[in-house]
Amino acid sequence: GAEELELLERLLGLPGGNKYGVQGERKVPVLQTNNGPGLTGLMTIAAHLVRQARKDQLLGSTAEEKAVVQQWLEYRVTRVNGGSSKEDTRTILKDLNMHLEDKVYFAGNIFTLADILMYYGLHHIMVELTVQEKEKYLNVSRWFNHIQHYPGVRQHLSNVIFIKNRLYTNAH
């Protein structure tokens with residue numbers, strides 16, 4: 001969580017220097033603030049950083065977009081962070097693949113915080129997938145490849161290789 005928040009800070013162009021800690025056995029991120037109580041939880045801190053950077057459009061523009069972004073941030077925290085077995089991972093990839101079937105981004109046609117945090121949360125999973133698995137979850141692979149090339153998103157994270165001509169030949 002803390003490493004992702006530092007990546008997010010850099011992506012947003014914030015000066016950094018925030019002090020992050022973790023709480024409990026689930027290692028929930030905590031942001032120590034200078035004035036007042038600390039903030040707890042990935043979604044809460046991430047949304048705070050987005051507002052601090054004055055990039056509120058990343059939280060969605062319309063009420064519906066905001067709700068969809070919130071929904072995927074919750075999914076990220078409850079399902080992606082919670083999923084540990086191979087079976088959980090398959091279910092998550094299947095869910096996401098279905099959702100992304102007719103969408104460029106998680107909230108439809110706009111790049112949001114949901115895409116950024118899902119990318120960070122799925123990176124370790126995508127790195128491990130075989131070419132066959134990447135082909136099986138074609139929509140997730142397409143989305144992931146698009147996001148990793150988004151300016152500033154990937155930073156020091158490894159580039160996940162997709163064999164383009166093989167990956168896109170079975171696309172509808």
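Every heavy atom of this structure was used, including side-chain atoms; hydrogens, water molecules and symmetry mates were not.
Hydrophobic clustering (side-chain heavy atoms under 4.5 Å, transitive across Ile, Leu, Val, Met, Phe, Trp, Tyr) keeps Met118 apart from Ile110. In this structure, Leu96 is not a member of the same hydrophobic cluster as Met98, with clusters built from ILVMFWY side-chain heavy atoms closer than 4.5 Å. Val22 and Val77 fall into different hydrophobic clusters, where Ile, Leu, Val, Met, Phe, Trp and Tyr side chains are chained together by heavy-atom contacts under 4.5 Å. Both Val69 and Leu11 are assigned to one and the same hydrophobic cluster, defined by single-linkage of ILVMFWY side chains at heavy-atom distances under 4.5 Å. Leu14 and Leu59 end up in the same hydrophobic cluster when Ile, Leu, Val, Met, Phe, Trp and Tyr side chains are linked at under 4.5 Å.
Closest approach of Val127 to Ser158, counting heavy atoms only: CG2-OG, 3.8 Å. The shortest heavy-atom contact between Val160 and Gln148 is O-NE2, 2.8 Å. Between Ala2 and Pro29 the shortest heavy-atom distance is N-CB, 4.4 Å. The two residues Thr112 and Leu58 have their closest heavy-atom pair at CB-O, 3.1 Å. In terms of heavy atoms, His123 sits closest to Leu157 at NE2-CB, 3.6 Å. Across all their heavy atoms, Tyr150 and Tyr105 have their closest contact at CE1-OH, 3.7 Å.
The backbone N or O of Phe106 sits less than 3.5 Å from a side-chain atom of His99, completing a donor-acceptor pair. The backbone N or O of Lys134 sits less than 3.5 Å from a side-chain atom of Ser141, completing a donor-acceptor pair. Looking at Asn81, its side chain never comes within 3.5 Å of a backbone N or O of Thr78 through a donor-acceptor pair. A donor-acceptor contact shorter than 3.5 Å is absent between the side chain of His48 and the backbone of Met43. Although no hydrogens or angles enter the test, the distance criterion places a donor-acceptor pair under 3.5 Å between the side chain of Lys55 and the main chain of Leu12. When atom types are taken as modelled, the side chain of Arg76 and the backbone of Leu117 share a donor-acceptor pair closer than 3.5 angstrom.
Crowding of Lys19 atom NZ: a count of heavy atoms from other residues, nucleotides or ligands under 6.0 Å not exceeding 12. A 6.0 Å sphere centred on CG of Asp102 holds more than 12 heavy atoms belonging to other residues, nucleotides or ligands.
Between Lys136 and Glu133 there is no salt bridge, since no side-chain nitrogen of the basic residue lies less than 4.0 Å from a carboxylate oxygen of the acidic one.
Sequence neighbours left out, the pairs with a member in residues 6-17 that pass side-chain hydrogen bond (donor to acceptor under 3.5 Å, both in side chains) are Glu9-Asn18, Glu9-Tyr20, Arg10-Gln155.
Atom-to-atom distance recorded for Ile45:CD1 and Leu31:CG is 5.0 Å, nearest 0.5 angstrom. His149 contributes atom NE2, which lies 10.0 Å from atom CZ of Phe144 (distance to the nearest 0.5 angstrom).
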Criterion side-chain hydrogen bond (donor to acceptor under 3.5 Å, both in side chains) on Trp72 and Asp115, from CA distance to verdict: CA-CA 9 Å; Trp72 285 109; Asp115 295 292; over 6 Å; no

Working note: His156 + Glu3, criterion side-chain hydrogen bond (donor to acceptor under 3.5 Å, both in side chains); need CA distance, chi angles, decisive distance, verdict. CA-CA 11 Å; His156 71 274; Glu3 186 195 352; 3.1 Å; yes

Evaluate the side-chain contact (heavy atoms from CB on, under 4.5 Å) criterion for residues Phe111 and Val104: first the C-alpha distance (whole Å), next the side-chain angles of each, then the deciding distance (0.1 Å), finally the verdict. CA-CA 8 Å; Phe111 176 75; Val104 178; over 6 Å; no

For Thr62 and Lys66, run side-chain contact (heavy atoms from CB on, under 4.5 Å): C-alpha distance rounded to whole Å, both residues' side-chain angles, the deciding distance at 0.1 Å, then the answer. CA-CA 6 Å; Thr62 65; Lys66 286 180 171 123; over 6 Å; no

Does Leu39 form a side-chain contact (heavy atoms from CB on, under 4.5 Å) with Val30? I'd like the steps, not just the answer. CA-CA 6 Å; Leu39 298 174; Val30 179; over 6 Å; no

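In this structure, the side chain to side chain contact (heavy atoms under 4.5 Å, CB included) partners of Leu93, at least two apart in sequence or on a different chain, are Thr89, Ile125, Met126, Leu129, Tyr137, Val140.
Within the 4.5 Å cutoff, no side-chain heavy atoms of Arg90 are placed close to those of Lys94.
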